[in-house]
Amino acid sequence: MGTFKQFLDAQQLEPRTLVRLSSQLEARSDADRKLVKQRSDKRRDKEKQAKPYAELGIGKPKSGRGVSEQQVAAAIEDRPLPPKVRGKLVRAVNAVLSKKGGAAVTFQALFGEVAAQKGAAAKAKAS
C-alpha cells in the first residue's frame with residue numbers, strides 16, 4: 001500500500017471529496033479571466049512582447065481544471081504523476097485538512113519516494 005493511500009486512510013479522506021474540492025479550488029474566477037485577457041493582450045502588443053509578465057504586473061491565472069478520478073486513482077496506486085497534478089492533489093488535501101482543523105501536509109509526506117512523471121520534452125533532454 002502506497003504513501004498516498006495510507007495518508008487518505010489515516011485521515012479518513014474520500015477520493016471523491018478530493019476530486020470535488022480540487023475542481024472548486026482550480027475553478028477560474030472573474031479575476032482569473034481578466035488575467036488571461038491581460039496575458040493575451042500582452043502577447044499581441046508589439047511594445048510589450050519583450051517584457052516579462054512579472055514586470056507588467058500580470059499574475060498567473062488558475063488552470064480551470066481540477067484533478068480527475070483517474071488521477072486520484074493513479075496516486076493511490078503510487079503511479080508516477082505530472083508535477084502539476086501532484087500539486088493540485090496537495091492543495092486539495094491541505095484544503096480538507098484546514099477545514100478539519102489539521103495542519104498542512106507537505107508534498108513529500110503525501111507521495112513519499114514516488115518519482116514524478118516526465119513528459120516528452122523532459123525525456124528528450126535527459127537522453
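The model shown is predicted, which means the values in this text are computed figures rather than measured ones.
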Could you pull out all residues at least two apart from Asn94 that satisfy side-chain hydrogen bond (donor to acceptor under 3.5 Å, both in side chains)?
none
What residues, two or more places apart in sequence or in another chain, satisfy side chain to side chain contact (heavy atoms under 4.5 Å, CB included) together with Val85?
Val67, Gln71, Leu81, Pro82, Leu89
Test salt bridge (Lys or Arg N to Asp or Glu O under 4.0 Å) applied to Lys37 - qualifying residues, sequence neighbours left out
Asp41
Show every ring-ring contact (aromatic ring centres under 6.0 Å, His included) that has at least one partner inside residues 3-51, sequence neighbours left out.
Phe4-Phe111
For residues 51-60, pull every pair meeting salt bridge (charged side-chain N to carboxylate O under 4.0 Å, His left out), keeping only residues two or more places apart or in separate chains.
none
Which atom names give the shortest non-hydrogen contact between Leu21 and Ala95, and what distance separates them?
CD2-CB, 3.5 Å
Within residues 15-31 or reaching into it, pairs that qualify as salt bridge (charged side-chain N to carboxylate O under 4.0 Å, His left out) - sequence neighbours excluded
Glu14-Arg16, Glu26-Arg91, Asp30-Arg33
For Gln24, does the CD atom sit with more than 12 other heavy atoms under 6.0 Å from it, leaving out its own atoms?
yes
Pairwise side-chain contact, Ile76 with Pro15, heavy-atom cut-off 4.5 Å (strictly under):
yes
Hey, could you give me the OG/CD distance between Ser22 and Glu69, rounded to the nearest 0.5 Å?
12.0 Å
Got a sec, which residues hit side chain to side chain contact (heavy atoms under 4.5 Å, CB included) with Glu47, two or more places apart in sequence or on another chain?
Asp45
Taking ring-ring contact (aromatic ring centres under 6.0 Å, His included) as the test, write out the residues that go with Tyr53, two or more places apart.
none
Does Lys100 use its side chain to pair, donor to acceptor, with the backbone of Gln11 at less than 3.5 Å?
yes
Test side-chain hydrogen bond (donor to acceptor under 3.5 Å, both in side chains) applied to Thr106 - qualifying residues, sequence neighbours left out
none
Kindly write out the residues that satisfy side-chain hydrogen bond (donor to acceptor under 3.5 Å, both in side chains) with Ser98, not counting sequence neighbours, or none if the list is empty.
none
Between Ser63 and Lys88, is there a side-chain donor-acceptor contact under 3.5 Å, judged purely by atom types and distance?
yes
Show the numbers, then the answer: is there a side-chain contact (heavy atoms from CB on, under 4.5 Å) between Leu97 and Val105?
CA-CA 8 Å; Leu97 292 177; Val105 69; 4.1 Å; yes
Enter the distance from Thr3:OG1 to Leu110:CG here, rounded to the nearest 0.5 Å.
9.0 Å
Set of side chain to side chain contact (heavy atoms under 4.5 Å, CB included) partners for Ser23, sequence neighbours left out:
none
Is it possible for you to say whether Val93 and Leu25 belong to one hydrophobic cluster, with membership spreading through side-chain heavy-atom contacts below 4.5 Å?
yes
Partners meeting side chain to side chain contact (heavy atoms under 4.5 Å, CB included) with Glu77 (sequence neighbours left out)
Arg79
Can you give me the closest heavy-atom contact between Lys42 and Leu56, atom names plus distance?
CG-CD1, 3.4 Å
Taking atom NZ of Lys48 as the centre, does the number of heavy atoms from other residues, nucleotides or ligands within less than 6.0 Å exceed 12?
no
Return yes when atom NZ of Lys99 has more than 12 non-hydrogen atoms of other residues, nucleotides or ligands closer than 6.0 Å, and no otherwise.
no
